[in-house]
K.L.:
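If you scroll down you'll find the structure; I have some questions about it.
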Number of protein chains: 2
Amino acid sequence: MTKLQITVDIVLFTILERQLHVLLIRRLAEPFRGSYALPGGFVLENESVDEAAHRELREETGVEKVFLEQLYTFGEPNRDPRGRVITVAYYALVANSHILRSGTDAADAAWFALNKLPPVAFDHQNIIEYAQQRLRNKLDYSNVGFELLPEKFTLTELQLVHEAILGANLDKRNFRRKILQQGIVEPSKEWQKTGRKPAQLYRFVD
Amino acid sequence: MTKLQITVDIVLFTILERQLHVLLIRRLAEPFRGSYALPGGFVLENESVDEAAHRELREETGVEKVFLEQLYTFGEPNRDPRGRVITVAYYALVANSHILRSGTDAADAAWFALNKLPPVAFDHQNIIEYAQQRLRNKLDYSNVGFELLPEKFTLTELQLVHEAILGANLDKRNFRRKILQQGIVEPSKEWQKTGRKPAQLYRFVD
DNA sequence: TCAAAAGTGTTGAAGATACACCCATGG
DNA sequence: CCATGGGTGTATCTTCAACACTTTTGA
């Protein structure tokens, strides 16, 4: 009897060039050596599953203190050729200002746009699609969009985040009205001066 | 090193006396011997986690072919005093016309209204609350309510299901209009004759 | 004839959608 | 001076919420 094992896998999203991207890591070991896979690893004896997800994300990508939420548990008997491995999938969001640590674990990590994914190991393609769907749904009834932005942001940047997640264009005036009358942002005293015309920087309020 | 184990636990809902009820089973073994717990058990080597949930539900309650959906995975290290046990929680819905099998496994199974739960073992109280919340949310954007009714039902019965899940009263005219214009029910040719005035029996259409 | 549950429309408020132009700045 | 992206209002439609009486039947 082979031992049953539990892993966590994390779908880490960010926005790059107005598109939703996912972090993948090239596998150095068999099986699926050389192909890309989600960051993740085994759950240790004395940590919760949530802690394992945070730890693996930190070890493999250097990313800490991010939004991280459990997604679904994938438990088909043959999803991993090494034996019986059940994985608890998570998804996480980082602003693109976060920088990936270049360490041994993260040696070959890279961001991929969702419509340009390479072939991925195991059932990770499924997991990624499931995460994307969850993120879209969640955008409707929560403030999850802010997790993909730095502390201060313009309303146009926020709109681009929503458009990237939904994969659709939104009307600028309707979007701004909706966000402002929800009262979930407040103007900071700063203006973004990098564009043609200065733009008001906002901050998320809880 | 103690072996890591995976269980499934199932929150089985039904409607009794206009109230949402949960099925609990009295434990015959330590720990928590004599207290109530959710039906569930260990995931076997060659079955998927979903299959394990279906199997445990069948074995412990006799219930088959019901709506069953994964809820959340609870993985705190000390949630089970026997050792490291991670549980994948599910919730399931049955019409109250389904009858519990009286077998050895289900010897002491009983339905409890959600506001009259006895003390329950492990972290099962949490799991039940989580399931109730999920069910409420799901009612808004899905047809999950029909799973708690027999094939043919009156609109008033459907409304009572919604009210039981939401814990609130609904306006009859608004409710009926909403359901009918969604086009998710069709009138059958039968009428329910048990009440004072005959009521149209409807059927769910997909 | 009375009690109980079935069935049926309208109105007002709020929220969502569609739509186009002027402004400030850097190059 | 022009190209770029920032910023702003209104009209319409759809959706949701509030609200009360008549009908059929069994007891």
K.L.:
Could you list all the side-chain hydrogen bond (donor to acceptor under 3.5 Å, both in side chains) pairs where at least one residue sits in residues 178-189 of chain A, not counting sequence neighbours?
P.N.:
A/E186-A/R203

K.L.:
Rounding to a whole Å, what distance do you find between A/L201:CG and D/dG5:P?
P.N.:
17 Å

K.L.:
Quickly, which of A/E163, A/E157, A/H162 forms a side-chain hydrogen bond (donor to acceptor under 3.5 Å, both in side chains) with A/Q159? Name it, please.
P.N.:
A/E163

K.L.:
For B/E51, is there an ion pair with B/R55 - N to carboxylate O distance below 4.0 angstrom?
P.N.:
no

K.L.:
Side chains of residues 168-175 of chain A: which donor-acceptor pairs under 3.5 Å do they make with residues two or more places apart or in other chains?
P.N.:
residue	atom	partner	partner atom	Å
A/D171	OD2	A/R173	N	3.1
A/D171	OD2	A/N174	N	2.9
A/N174	OD1	A/R177	NH2	2.6

K.L.:
Could you state the CD-C1' distance from B/Q200 to C/dT8, rounded to the nearest angstrom?
P.N.:
14 Å

K.L.:
Indicate yes or no for a side-chain donor-acceptor contact from B/R136 to the backbone of B/I165 under 3.5 Å, with no hydrogens or angles considered.
P.N.:
yes

K.L.:
Between C/dG7 atom P and B/F175 atom CZ, what is the distance in whole Å?
P.N.:
13 Å

K.L.:
Measure the distance from CG on A/L180 to P on D/dG9 and round it to the nearest whole Å.
P.N.:
12 Å

K.L.:
What does B/T156 touch in the nucleic acid at a heavy-atom separation under 4.0 angstrom: a base, only the sugar-phosphate, or nothing?
P.N.:
sugar-phosphate

K.L.:
To the nearest Å, give me how far apart CD (A/Q159) and P (D/dG6) are.
P.N.:
9 Å

K.L.:
Atom CD of B/Q181 and atom P of C/dG9: how far apart are they, to the nearest Å?
P.N.:
14 Å

K.L.:
Nucleotide by nucleotide, 5' to 3', does protein get under 4.0 Å of the base (B), only the sugar-phosphate (S), or neither (-) in nucleotides 18-27 of chain C, counting heavy atoms?
P.N.:
BBB--BBB--

K.L.:
Whole angstrom is fine here: how far is it from CZ in A/R176 over to C1' in D/dG5?
P.N.:
10 Å

K.L.:
Could you state the CD1-P distance from A/I179 to D/dG6, rounded to the nearest angstrom?
P.N.:
15 Å

K.L.:
From the options A/F13, A/F146, A/Y91, select the one residue that forms a ring-ring contact (aromatic ring centres under 6.0 Å, His included) with A/F67.
P.N.:
A/Y91

